[in-house]
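Note that the numbering runs from 1 along the sequence shown for the chain. These numbers come from the heavy atoms of this one structure, side chains and all, not from hydrogens, waters or symmetry mates.
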Amino acid sequence: MRWVIDHTSRELLPYQVARCVRQGVASGELAVGEQLPPAAELAEALAVDRNTVLAAYRQLRDEGLLEFRRGRGARVASAVPEPSPVLHAAHALVAEARRHGLGRSDLIRLIERLT
């Protein structure tokens with residue numbers, strides 16, 4: 001699995017780590033039941049603080065994508081996480097944009113300007 005973190009990005013590091021896990025699950029690189037690297041080990045490999053990885057793992061646990069087991073670390077719990085509030089907001093944004101006559105490329109440009 002590819003772990004890609006951009007230290008110069010505006011996106012917070014825990015969100016980048018969580019995105020890598022989500023992409024790994026979505027692509028099939030990470031299967032249900034598969035164990036993720038220990039937080040300290042992954043943090044060292046990504047040149048981030050251990051708490052950054054732990055924050056990402058906790059976020060994914062809260063979404064139902066990961067589960068923690070004492071002494072066994074973090075494992076993929078589900079291939080289909082619960083829809084997040086961001087996904088709901090994105091659907092609402094797309095619907096609102098359509099009502100105002102904005103297309104896909106308009107939305108992409110808008111989001112690129114904001115990020």
Student: Can you name the residues that form a salt bridge (charged side-chain N to carboxylate O under 4.0 Å, His left out) with Glu67, not counting sequence neighbours?
Tutor: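 Glu67 satisfies salt bridge (charged side-chain N to carboxylate O under 4.0 Å, His left out) with Arg69 only.
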Student: Using 0.5 Å steps for rounding, measure from the CD1 atom of Ile111 to the CG atom of Asp106.
Tutor: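 Answer for the CD1-CG pair, Ile111 versus Asp106, is 11.0 Å.
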Student: Test of understanding: clusters of I, L, V, M, F, W, Y form through side-chain heavy atoms closer than 4.5 Å, transitively. Do Ile5 and Leu42 belong to the same one?
Tutor: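 Yes: a chain of side-chain contacts under 4.5 Å links Ile5 to Leu42.
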Student: For His7, which residues count as a side-chain hydrogen bond (donor to acceptor under 3.5 Å, both in side chains) partner, sequence neighbours excluded?
Tutor: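 For His7, no residue satisfies side-chain hydrogen bond (donor to acceptor under 3.5 Å, both in side chains) once neighbours in sequence are set aside.
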Student: For Val21 and Leu30, work out which heavy atoms get closest and say how close.
Tutor: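 Smallest interatomic distance, heavy atoms only, reads O-CD1, 3.9 Å.
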Student: Going by salt bridge (charged side-chain N to carboxylate O under 4.0 Å, His left out), name the residues that satisfy it together with Arg98, two or more places apart in sequence or in a different chain.
Tutor: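 In terms of salt bridge (charged side-chain N to carboxylate O under 4.0 Å, His left out), with neighbours along the sequence ignored, Arg98 is linked to no residue.
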Student: Listing request: all salt bridge (Lys or Arg N to Asp or Glu O under 4.0 Å) pairs with a residue in residues 39-52, at least two apart in sequence or in separate chains.
Tutor: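 Applying salt bridge (Lys or Arg N to Asp or Glu O under 4.0 Å) to every pair that reaches into residues 39-52, excluding sequence neighbours, yields nothing.
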Student: Write down the atom of Leu66, the atom of Val76, and the distance for their closest heavy-atom approach.
Tutor: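 So the minimum-distance heavy-atom pair works out to CD2-CA, 3.9 Å.
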Student: Partners of Gln35 by side-chain contact (heavy atoms from CB on, under 4.5 Å), sequence neighbours excluded?
Tutor: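 With neighbours one apart ignored, the set is Arg75.
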Student: Considering residues at least two apart in sequence or located in another chain, which fulfil the side-chain contact (heavy atoms from CB on, under 4.5 Å) criterion with Arg99?
Tutor: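 side-chain contact (heavy atoms from CB on, under 4.5 Å) list for Arg99, sorted by chain: Ala95, Glu96.
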Student: For Phe68, what residues pass the side-chain contact (heavy atoms from CB on, under 4.5 Å) criterion, not counting sequence neighbours?
Tutor: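 With sequence neighbours excluded, Phe68 shows a side-chain contact (heavy atoms from CB on, under 4.5 Å) to Tyr57, Arg58, Arg61, Ala74, given in chain and number order.
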Student: Taking only residues two or more places apart in sequence or in another chain, which ones pass side-chain hydrogen bond (donor to acceptor under 3.5 Å, both in side chains) with Gln59?
Tutor: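 With neighbours one apart ignored, the set is Glu63.
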Student: Got a sec, which residues hit salt bridge (charged side-chain N to carboxylate O under 4.0 Å, His left out) with Glu34, two or more places apart in sequence or on another chain?
Tutor: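 None.
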Student: Can you name the closest pair of heavy atoms from Ala18 and Ala56 and give their distance?
Tutor: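 Shortest heavy-atom contact: N-CB, 3.8 Å.
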Student: Nearest heavy-atom pair of Arg22 and Leu65: which atoms, and what distance?
Tutor: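 For Arg22 versus Leu65, the nearest heavy atoms are CG-CD2, 3.9 Å.
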Student: How close do Thr52 and Pro14 get, heavy atom to heavy atom, and via which atoms?
Tutor: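 Scanning both residues completely, I find the closest heavy atoms to be CG2-N, 3.6 Å.
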Student: Membership question, hydrophobic clusters at under 4.5 Å side-chain separation (ILVMFWY): are Trp3 and Val53 in the same one?
Tutor: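 Result: yes, single cluster for both.
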Student: Residues two or more places apart in sequence or in another chain: which of them pass side-chain contact (heavy atoms from CB on, under 4.5 Å) with Arg113?
Tutor: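 With neighbours one apart ignored, the set is Leu110.
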Student: Holding to side-chain hydrogen bond (donor to acceptor under 3.5 Å, both in side chains), I want the full list of residues that pass it with Ser27, two or more places apart in sequence or in another chain.
Tutor: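 With neighbours one apart ignored, the set is Glu29.
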Student: Would you please name every residue forming a salt bridge (charged side-chain N to carboxylate O under 4.0 Å, His left out) with Glu11, sequence neighbours left out?
Tutor: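 Salt bridge (charged side-chain N to carboxylate O under 4.0 Å, His left out) list for Glu11, sorted by chain: Arg19.
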